[in-house]
Amino acid sequence: MGVFAGIASVFIGCCSNVVFLELLVKEDPGSGNLITFAQFVFVVVEGFIFTMKFGTKKPKIGILSYTVLVAMFFIVNVFNNYAFDFNVAMPLHMIFRAGSLIANMIMGIIILKKSYVFSKYFSVGLITLGIVICTIISGQDVVSICADTKPTSEVEDFFWWTVGIALLTTALFMSARMGIYQEELNKKYGKNPKEALYFTHLLPLPAFALLYNNIYEHFLIALQSDPLDVPYVPIYMPKMIAYLIGNMVTQYMCIGSVYYLTSECSSLTVTLVITLRKFVSLLFSIVYFKNSFTMWHWIGTLMVFTGTLVFTEVPQKLMQSTVSTSVQKEKKSQ
């Protein structure tokens, strides 16, 4: 897989995954742990067969290093999905996830002592602001989505909402730290994206035993959901199970591509790709669920597009290419 193919796989897999996630959350807002568990099992089974060759292949990176990575990876995934249980609506959830680019830059400055030129700071701020504008306009009404609880007061709703925000904030900076840690492992041990993907999903599996009751409860809800109506296909399947399968497959495609890019690019560059993917997912969600696309959406889109061009230095490269071409023509004319 080349870098370009990896980026394309991130966009296709992750954007499709968001659609299945939104469909699942609309059916059962509390299904976050079930979704995470199913994703982990799918990746582990695939990795055990194709990457580790049924356990006959020895890992190239020490288990202790993977354990640290796993702890961060588990916290990020569970906290992000669990936030849906605390009055955090999907648009607000996406706003926090959009802040990963700034979080990664901050962690890079603190931990790796990196410094960036002004254009990088400007582009990161522009991209983040554009995504936030689009997301706020897309979901101005924050409603309670705690379907598993009894009606609560406004004070209680606000309290649990702040808990959800705290979970998302922790996951945001933990995700940035995880990206930097992966970058450090790649420099030390070489590129092992498939192996890293397998172990970061295998080692946390025992921890899901603590969430057994919640996972089992929502699995039963999924089994009891209405059948999926597929024209000309006489197969009965609860639609939440179908959505869950789609979510697992697309998540594998998404996260596998991200791990590959992590081994090939810097943490900040990978975060940029992921952030742009989230923006495309937001636009797709607007179109797919037939939400209005306002002038503010156009402004936000323009900001993201401009910020991306500045970050990737496309204008500078075009200018350099133009200058180089003109110089060559002048030399030939002489």
Side-chain angles (χ1 to χ4, degrees), residues 1-3 5-21 23-24 31-63 65-78 80-81 175 178-179 181-182 185-186 189-209 211-212 215-216 218-219 222-223 235 237-238 240-264 270 273-274 277 281:
M1 183 188 295
V3 173
I7 293 173
S9 296
V10 168
F11 276 86
I12 295 171
C14 297
C15 290
S16 302
N17 181 258
V18 169
V19 174
F20 285 113
L21 175 62
L23 290 170
L24 284 165
S31 60
N33 290 326
L34 171 64
I35 296 169
T36 306
F37 176 69
Q39 292 170 352
F40 274 51
V41 169
F42 183 87
V43 171
V44 168
V45 172
E46 190 278 340
F48 181 74
I49 297 172
F50 297 103
T51 302
M52 305 310 295
K53 310 300 180 183
F54 293 94
T56 60
K57 185 178 178 180
K58 292 184 179 180
K60 296 180 180 179
I61 301 178
I63 298 299
S65 297
Y66 278 130
T67 302
V68 175
L69 187 62
V70 160
M72 292 187 283
F73 187 76
F74 183 77
I75 290 173
V76 169
N77 277 274
V78 172
N80 275 328
N81 283 325
S175 178
M178 184 179 72
Y181 186 71
Q182 286 178 284
L185 288 179
N186 289 328
Y189 296 102
K191 302 172 183 178
N192 303 284
K194 287 280 190 178
E195 180 183 298
L197 179 65
Y198 172 72
F199 279 102
T200 52
H201 287 75
L202 172 68
L203 297 180
L205 276 182
F208 281 101
L211 306 171
Y212 169 78
I215 292 172
Y216 182 69
H218 290 282
F219 179 66
L223 286 176
I235 298 177
M237 178 181 290
M240 282 193 64
I241 297 297
Y243 297 157
L244 191 61
I245 293 173
N247 182 270
M248 287 189 296
V249 174
T250 54
Q251 174 68 6
Y252 173 76
M253 182 179 180
C254 170
I255 195 69
S257 302
V258 170
Y259 269 73
Y260 171 77
L261 290 179
T262 301
S263 68
E264 299 291 333
V270 175
V273 173
I274 296 172
R277 187 278 303 169
S281 296

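Each residue takes its place number in the sequence, starting with 1. Note that this is a predicted model, so its numbers are computed, not measured.
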Are Met237 and Ile245 close enough, and set up right, to give a side-chain contact (heavy atoms from CB on, under 4.5 Å), and what steps lead you there? CA-CA 11 Å; Met237 178 181 290; Ile245 293 173; 4.3 Å; yes
Hey, could you give me the CD1/CG distance between Ile61 and Leu185, rounded to the nearest 0.5 Å? 5.5 Å
Below 3.5 Å, can you tabulate the donor-acceptor pairs from side chains in residues 40-53 to any protein atom, sequence neighbours excluded?
from: Glu46; atom 1: OE1; to: Tyr252; atom 2: OH; distance (Å): 2.9
from: Glu46; atom 1: OE2; to: Tyr252; atom 2: OH; distance (Å): 2.9
from: Lys53; atom 1: NZ; to: Phe50; atom 2: O; distance (Å): 3.1

Are any non-hydrogen side-chain atoms of Tyr260 and Ser9 less than 4.5 angstrom apart? no
Gap separating the CZ atom of Phe37 from the OH atom of Tyr212, nearest 0.5 angstrom: 10.0 Å
Value rounded to 0.5 Å, distance of CG in Leu205 from NE2 in His201: 9.0 Å
Go through it in stages, so that I can follow the logic: the residues are Phe199 and Leu202, the test is side-chain contact (heavy atoms from CB on, under 4.5 Å), and I'd like the CA-CA distance, side-chain angles, deciding distance and then a yes or no. CA-CA 5 Å; Phe199 279 102; Leu202 172 68; 4.3 Å; yes
Show, in sequence, the C-alpha distance, side-chain angles and deciding distance for Tyr259 and Thr200, and conclude whether the side-chain hydrogen bond (donor to acceptor under 3.5 Å, both in side chains) test is met. CA-CA 11 Å; Tyr259 269 73; Thr200 52; 3.0 Å; yes
Taking it one step at a time, do Ile241 and Phe219 satisfy side-chain contact (heavy atoms from CB on, under 4.5 Å)? CA-CA 9 Å; Ile241 297 297; Phe219 179 66; 4.1 Å; yes
Indicate every side-chain donor-acceptor pair of residues 10-21 with a distance under 3.5 Å to a residue at least two apart or in another chain.
from: Ser16; atom 1: OG; to: Ile12; atom 2: O; distance (Å): 2.8
from: Asn17; atom 1: ND2; to: Asn247; atom 2: O; distance (Å): 2.9
from: Asn17; atom 1: ND2; to: Thr250; atom 2: OG1; distance (Å): 3.2

If you look at every heavy atom in Pro193 and Ser263, which pair is closest and at what distance? CG-OG, 3.9 Å
Taking all non-hydrogen atoms of both residues, which atom of Lys191 and which atom of Glu264 are closest, and how far apart? NZ-OE1, 3.2 Å
My understanding is that only residues two or more places apart in sequence, or in another chain, count here; which of them pass salt bridge (charged side-chain N to carboxylate O under 4.0 Å, His left out) with Lys60? none
Looking at every non-hydrogen atom in both residues, tell me the closest pair between Ser175 and Val76 and how far apart they are. N-CG2, 3.5 Å
Approximate separation, where rounding is to 0.5 Å, of Ile215 CD1 and Phe208 CZ: 6.0 Å
When rounded to the nearest 0.5 Å, the distance separating CG of Asn80 from OG1 of Thr36 is 9.0 Å
Note: Gly256 and Leu197 closest approach over all heavy atoms is CA-CD2, 3.8 Å
Between Leu34 and Ala222, which heavy-atom pair has the shortest distance, and what is it? CD2-CB, 4.4 Å
Between Tyr181 and Val68, does a side-chain contact (heavy atoms from CB on, under 4.5 Å) hold up when you go through it step by step? CA-CA 9 Å; Tyr181 186 71; Val68 175; 3.7 Å; yes
When every non-hydrogen atom of Glu195 is compared with those of Lys58, the smallest separation belongs to OE1-O, 4.3 Å
